[in-house]
Every structure is written in structure tokens, then in C-alpha cells.
K.L.:
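Below is a structure I'd like to ask you about.
Note that the structure is a prediction, hence the values are computed from the model and not measured. Each chain gets a letter, A, B and so on, in the order its sequence line appears, and its residues count up from 1.
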2 protein chains.
Amino acid sequence: MTETRPLRRDARDNIAKLQAAALEVFLAKGLDASLDEIARTAGVSIGTLYNRFGSREGLIDAVIPEVAGSKLLAFGTAVLAKTTPRERLEEFVTGMIDLQGEDPALNDAILRRYPDAVALLGICDRSIALGQDLVRDAHADGSLSPDFTEHDLFCMLWLAGIANRDPHAPANWQRVITRALDQAWTVGAAGQHAQTEVRGGSREGAEK
Amino acid sequence: MTETRPLRRDARDNIAKLQAAALEVFLAKGLDASLDEIARTAGVSIGTLYNRFGSREGLIDAVIPEVAGSKLLAFGTAVLAKTTPRERLEEFVTGMIDLQGEDPALNDAILRRYPDAVALLGICDRSIALGQDLVRDAHADGSLSPDFTEHDLFCMLWLAGIANRDPHAPANWQRVITRALDQAWTVGAAGQHAQTEVRGGSREGAEK
DNA sequence: ACCTAACTTGAGTGCACCCTCAAGATGGAA
DNA sequence: TTCCATCTTGAGGGTGCACTCAAGTTAGGT
């Protein structure tokens, strides 16, 4: 506990400006956006950014966990509102893929690109843990084949993550990933649910 | 047709040294390897590399199409040796994923990262076209669901490509992709073939 | 042995990013 | 109003890549 005297007004203002700018730029371009650009957007020098946040990770942790956390919390309750384990898991997968597609910052968080942003990491872990609970529920329930593992779920989200990061992604790559889940249900005629529900951003393609 | 006088001996030697070095480095690190490193490996200055090949794409096209072409040709005949459309397509998918995993240069080629390397592009296109023929055959045959499209196959290879490029890939992400094919066969109890056959390089994981 | 067109060289330019720190500006207590 | 601890600034140093071009070297014809 070090004695922390209050910040000067200009310092607090600059922190606020930097946080606003960081939020805007990170959400638009992902967590590896240029810090110079963030400082410029905030109307503050790059030196001030480092004075206040120390590093990129510091800035990330000061800004992203809150928005990502509330998004993921709302998402979690929506998922749990579904009635069957299968519906919940399907909703989780398609929903996460959509969220990652809409939000490059969340996407980078799930890819663990900045492992020193510990606050953010914790939040992502909680969300992934929720998904893995759903896998276990679906196993217990008998609806999900045991050879679809919790790790497989992680791989699906990771694949979606790296796919989102490529500006030349072909259209509708999401189908490949969601099909992998469709394949794993024990009942026949695997769900059209997941396949058709991907609402996300699909970029135009480098397709032929 | 410009009158092309023979090259001087030192020039020809340097071309050979550069090609050998480029092959080595490209195969090890992918087509975006540092050109300085290639020149250094060849024992030649970076200026000479540019004198002789003009650009990265020029060097790629002078070196990769031959090896990639013969690999893919052999692969193609191996695939066609399988008896059923289903076996052929499964072999194609798992085999391509393996090849891409072993060979970063081929992987980059399939991702079309250097669209100006026209010779290489042509070769990759032929291979992808083979896969798409196999999809059509499996459709005609009735064994593959019509909602698995040729484009879906392209997406599978593309996903494998970007996954291969990430040094922090989790273990066994390949299963997610091959499962997407398993899902699409019209007969029940979808193939253990594809799932268990991925022989490739699976890196250790960022898994927990 | 000489000569020159062909060739090689590598320091240099440019770019984009990260991060630092000496010098200057300013909030706010006294 | 004074004054200094706090804060901001932005040029500058470092990295790592692509690409160029004036100056120097050499193959190989005569």
C-alpha cells in the first residue's frame, strides 16, 4: 500500500482522453493497433500514454475488461436461458463466433495475444470456462459425443479468432467451424440450428 | 523476344546459390521469410538478389513452383488411387492439411499470400480444382450432402493455412476442420477415417 | 596484357513501429 | 504571486524489414 496522492487535473483528463481513444481504436482495429494512433486520437503525446499506462498491456487492462466483461456477462446469461444443453452449447458457439467477428478487441483477447493483460485474461477465461461447462453438461446429458472434448471447443474459438484476423478471409468460413459441432451430436440428422444461425460479419471473399 | 545474350559465369553461379538458399529458407520459414536472410545464406549481397530476381515474387516463382508442383502432382495421383469418391475426398483433405503443415511455403501458396507469383498460383489452383472435382464426384455419387459446397472445401484448406501460420496454435486444431467434413456425409455414423488420419505436426499447445 | 560491359556490393534511404528522457509547461498549495 | 513537484512533450534512439544506386570488381573477348 503506497501512499497515493491525488492526480493533478490535467493528468486525470489525459487519462480519460486516452481511455476513450484507446477504446475506440482497440475496438476498431484490435489490441495490436498502433499506440501512436491512440495518442494522436486522444490529442496527447505518445510520452503521456506511456507515463500513464506504462505499456500496451496496461492500457488494454485499463479499458477492455470492462466492456468485454459486460458483453460476455450478458452473453452468458442469454446462453443459459436456453433450455437444453444442446441448445445452450450451440448458442454459445455461434454467439461467441459472432461476438469475436464484431469485436476485434474481444477476438484478440480470446486469442490471448497479450497475456500480460491479466484482468482481460481472467474475463476471457471465465467465458471459456462457461463453454466448457456446457460441453460437460452435454456429455452428461448424452447428447454430445464424448470424443468432442472441451479442448475441441477451445480450438473452435481459437480458429474463429485467427480467421477473423485475416483481412482476406473467404466468405462463410464460419460454416466449417460450426459444422464441426453439428457432427458431434449423438442424435442423427445433425442440427441445422448452428449452421444457419451464424449472423456475423463474413467479409467479402478472396474466394475464386 | 529480346535478344538474350548468355549470362556471365559469376552471374549464373549467384543465381544458383540464391535459388538454393531461397528454397531452403522458404521451405523452413514460409514465403515471407526475410530476403536479407536468403542473400546471407547464399553468401551474396542483397543487391544481387534484386538484380537477379527483381522482387520477392520473382524469386518465389523461380524456385517454389517446381517443388510444390511435384509434391502436389504425386499427392494428386495418390488421392486418385483411392477407390470411392468418399475415400478420395477424405484423403485429399487430410493429405492437404498434412502437406500444408509440413511445408510453410506450400501453405503460404495456398493462402495466396503472393498473388504476383503467378506460376505458383497456377499450380495451387490446379490442386484446389482437383479437390473441387472430388466434391462434385461425391455429390454425384450421393455420398456427400449437397450443402457441403466446393467453397466449403476451399474454406477448410484456408483455415488450415492460417492455423498453420500461428506459432501459438493449440494442439489438434485439425480435428475441428476434419470433423466438418465428417459431418457432411449422407450415411450415418460418420467416418472415423478422416478424424484419426491427420498425421501432421500438431505443435504443442496454448491450450489451458 | 588490356579493356569494357556485365556484374556485385553494401551503405544508405524509407517506412512503421516501440519506447525513453531531457527540457519545458503547469496545477495548485502556500 | 510565487514556486516546485507533477506532468507533458516530441525528437531521438533502437529494431527490422524492403529496396536502390554510385562505386568498385571481374569475366572473358581481343
K.L.:
Looking at B/R179 and A/D152, is there a salt bridge between them, counting it only when a charged N and a carboxylate O are closer than 4.0 Å?
P.N.:
yes

K.L.:
Which nucleotide in the set C/dC17, D/dT8, D/dA18 lies at the smallest distance from any side-chain heavy atom of A/S34?
P.N.:
C/dC17

K.L.:
Over how many whole Å does the gap from A/I15 atom CD1 to D/dT8 atom C1' extend?
P.N.:
13 Å

K.L.:
Nearest whole Å is fine: how far is C/dC18 P from A/I60 CD1?
P.N.:
11 Å

K.L.:
What is the distance, to the nearest angstrom, from the CG atom on A/L35 to the P atom on C/dC19?
P.N.:
7 Å

K.L.:
Quick check on A/K17: does its NZ atom have over 12 non-hydrogen neighbours (other residues, nucleotides or ligands) under 6.0 Å away?
P.N.:
yes

K.L.:
Give one of base, sugar-phosphate or nothing for A/N14, where a contact means two heavy atoms less than 4.0 Å apart.
P.N.:
sugar-phosphate

K.L.:
What's the shortest heavy-atom distance between B/L181 and B/M156, and which atoms?
P.N.:
CB-CE, 3.9 Å

K.L.:
In whole Å, what is the span from the CG atom of B/N51 to the P atom of D/dC21?
P.N.:
12 Å

K.L.:
On a heavy-atom basis, which atom in B/D182 and which in A/Q183 lie closest, and how many Å separate them?
P.N.:
CB-CG, 3.7 Å

K.L.:
Check the distance between C/dC19's P and A/D32's CG and give it to me in whole angstrom.
P.N.:
13 Å

K.L.:
Send over the distance from A/I38 CD1 to D/dG10 P, rounded to a whole Å.
P.N.:
18 Å

K.L.:
Separation of A/D36 atom CG from C/dC15 atom P, in whole Å?
P.N.:
15 Å

K.L.:
Using a cut-off of 4.0 Å on non-hydrogen atoms, how would the nucleic acid contact of A/R52 be classed: base, sugar-phosphate, or nothing?
P.N.:
sugar-phosphate

K.L.:
To the nearest angstrom, how far is B/L18 atom CG from C/dC7 atom C1'?
P.N.:
13 Å

K.L.:
Just checking, is any N or O donor in the side chain of B/E90 or B/W185 under 3.5 Å from an acceptor N or O on the other one?
P.N.:
yes

K.L.:
Starting from the 5' end of DNA chain D, give me the residue, A/I46 or B/T48, whose nearest nucleotide shows up first.
P.N.:
A/I46

K.L.:
What dot-bracket string describes DNA chain C from 5' to 3', counting Watson-Crick and G-U wobble pairs whose defining distances are under 3.5 Å, with [ ] for crossing pairs and | for pairs to another strand?
P.N.:
||||||||||||||||||||||||||||||

K.L.:
So, B/R56 and B/D116, do they make that salt bridge, N to O below 4.0 Å?
P.N.:
no

K.L.:
Looking at B/R112 and B/D125, is any side-chain nitrogen of the basic one under 4.0 Å from a carboxylate oxygen of the acidic one?
P.N.:
yes

K.L.:
Relative to the 5' end of DNA chain C, which residue comes earlier, A/Y50 or B/S45, by the nucleotide with the nearest heavy atom?
P.N.:
B/S45

K.L.:
Can you establish whether the number of heavy atoms outside A/E150 located under 6.0 Å from its atom CD is more than 12?
P.N.:
yes

K.L.:
Tell me whether B/R165 is salt-bridged to B/D108, with the criterion being a basic N under 4.0 Å from an acidic carboxylate O.
P.N.:
yes

K.L.:
Please list, pair by pair, any protein nitrogen or oxygen found under 3.5 Å from a nitrogen or oxygen in nucleotides 24-30 of chain C.
P.N.:
| unit_1 | atom_1 | unit_2 | atom_2 | d |
| --- | --- | --- | --- | --- |
| C/dT26 | O2 | A/R8 | NH1 | 3.2 |
| C/dG27 | O4' | A/R8 | NE | 3.4 |
| C/dG28 | OP1 | A/R9 | N | 3.1 |

